[in-house]
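As C-alpha coordinates, the structure follows; a few thoughts come after it.
Throughout, numbering of the chain's residues begins at 1 and tracks the sequence.
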Amino acid sequence: MIRPPPRGLLQPVGRPGTAILDWAAANQVGFSAFVSVGSMADVDFGDLIDYFGADPHTSSIILYIESITMRASS
(Lines give C-alpha, C1' and ligand atoms only; values in the text may rest on other atoms or scores of the structure.)
Protein backbone atom coordinates (compact mmCIF):
# COMPACT_ATOMS: atom_id res chain seq x y z
CA MET A 1 0.00 0.00 0.00
CA ILE A 2 1.29 3.45 -0.89
CA ARG A 3 1.41 5.78 2.09
CA PRO A 4 -0.11 9.24 1.50
CA PRO A 5 2.44 11.56 3.15
CA PRO A 6 2.25 15.33 3.00
CA ARG A 7 4.31 15.67 -0.19
CA GLY A 8 3.20 17.32 -3.45
CA LEU A 9 4.80 16.69 -6.85
CA LEU A 10 4.55 19.35 -9.57
CA GLN A 11 5.91 18.75 -13.06
CA PRO A 12 5.34 19.47 -16.74
CA VAL A 13 3.54 16.92 -18.91
CA GLY A 14 5.62 13.97 -19.99
CA ARG A 15 7.46 10.83 -19.16
CA PRO A 16 9.41 12.02 -16.10
CA GLY A 17 6.16 12.10 -14.11
CA THR A 18 5.23 8.58 -15.16
CA ALA A 19 8.69 7.32 -14.21
CA ILE A 20 8.49 9.07 -10.83
CA LEU A 21 5.06 7.58 -10.12
CA ASP A 22 6.26 4.09 -11.15
CA TRP A 23 9.27 4.43 -8.84
CA ALA A 24 7.08 5.77 -6.01
CA ALA A 25 4.62 2.88 -6.29
CA ALA A 26 7.43 0.31 -6.31
CA ASN A 27 8.97 1.91 -3.20
CA GLN A 28 5.71 2.64 -1.35
CA VAL A 29 6.20 6.40 -1.55
CA GLY A 30 3.02 8.43 -1.81
CA PHE A 31 2.07 12.01 -2.62
CA SER A 32 -0.66 14.27 -1.28
CA ALA A 33 -1.04 15.56 -4.85
CA PHE A 34 0.46 15.06 -8.29
CA VAL A 35 0.12 17.97 -10.73
CA SER A 36 1.10 17.90 -14.38
CA VAL A 37 0.84 21.47 -15.70
CA GLY A 38 1.09 21.15 -19.49
CA SER A 39 1.85 24.39 -21.32
CA MET A 40 1.28 26.54 -18.19
CA ALA A 41 -0.85 29.02 -20.16
CA ASP A 42 -3.20 29.67 -17.22
CA VAL A 43 -1.40 28.23 -14.21
CA ASP A 44 2.34 28.28 -13.59
CA PHE A 45 4.70 26.90 -10.97
CA GLY A 46 4.38 30.08 -8.88
CA ASP A 47 0.59 29.63 -8.66
CA LEU A 48 0.99 26.00 -7.64
CA ILE A 49 3.69 26.78 -5.07
CA ASP A 50 1.37 29.39 -3.53
CA TYR A 51 -1.54 26.93 -3.48
CA PHE A 52 0.36 23.98 -2.00
CA GLY A 53 2.31 26.24 0.36
CA ALA A 54 -1.01 27.13 1.99
CA ASP A 55 -2.37 23.55 1.89
CA PRO A 56 -2.44 22.03 5.40
CA HIS A 57 -2.07 18.51 3.91
CA THR A 58 1.22 19.34 2.14
CA SER A 59 4.43 19.92 4.08
CA SER A 60 6.89 19.65 1.19
CA ILE A 61 6.74 20.32 -2.54
CA ILE A 62 8.83 18.47 -5.12
CA LEU A 63 9.34 20.27 -8.42
CA TYR A 64 10.54 18.88 -11.73
CA ILE A 65 11.33 21.97 -13.83
CA GLU A 66 12.82 21.79 -17.33
CA SER A 67 13.15 25.56 -17.77
CA ILE A 68 12.23 28.85 -16.15
CA THR A 69 10.92 31.67 -18.32
CA MET A 70 10.02 35.27 -17.64
CA ARG A 71 6.53 36.52 -18.37
CA ALA A 72 6.25 39.58 -20.57
CA SER A 73 5.42 42.64 -18.51
CA SER A 74 2.17 44.37 -19.35
Side-chain angles (χ1 to χ4, degrees):
M1 170 180 256
I2 297 175
R3 295 167 282 186
R7 189 177 307 128
L9 174 63
L10 315 176
Q11 63 111 42
V13 173
R15 289 188 178 160
T18 304
I20 291 167
L21 289 178
D22 289 344
W23 174 87
N27 291 282
Q28 297 184 349
V29 174
F31 298 100
S32 62
F34 177 87
V35 179
S36 187
V37 294
S39 66
M40 294 189 282
D42 296 331
V43 176
D44 63 18
F45 284 119
D47 297 321
L48 294 168
I49 290 168
D50 288 344
Y51 176 82
F52 286 106
D55 178 24
H57 302 290
T58 303
S59 66
S60 63
I61 302 168
I62 301 168
L63 301 170
Y64 176 87
I65 300 174
E66 293 177 343
S67 65
I68 297 175
T69 59
M70 299 293 293
R71 289 187 184 173
S73 58
S74 30

> Out of curiosity, N27 CG to D22 CG, how far, rounded to the nearest 0.5 Å?
Replying inline: 11.0 Å

>> If we ignore hydrogens and angles and just use 3.5 Å, is the side chain of D50 paired with the main-chain N or O of D47 as donor and acceptor?
In response: no

>> Show the nearest heavy-atom pair for residues I49 and I61, with the distance to one decimal.
In response: O-CD1, 4.1 Å

>> Let me confirm one number: the CD1-CZ distance from I62 to F34, rounded to the nearest 0.5 Å.
In response: 10.5 Å

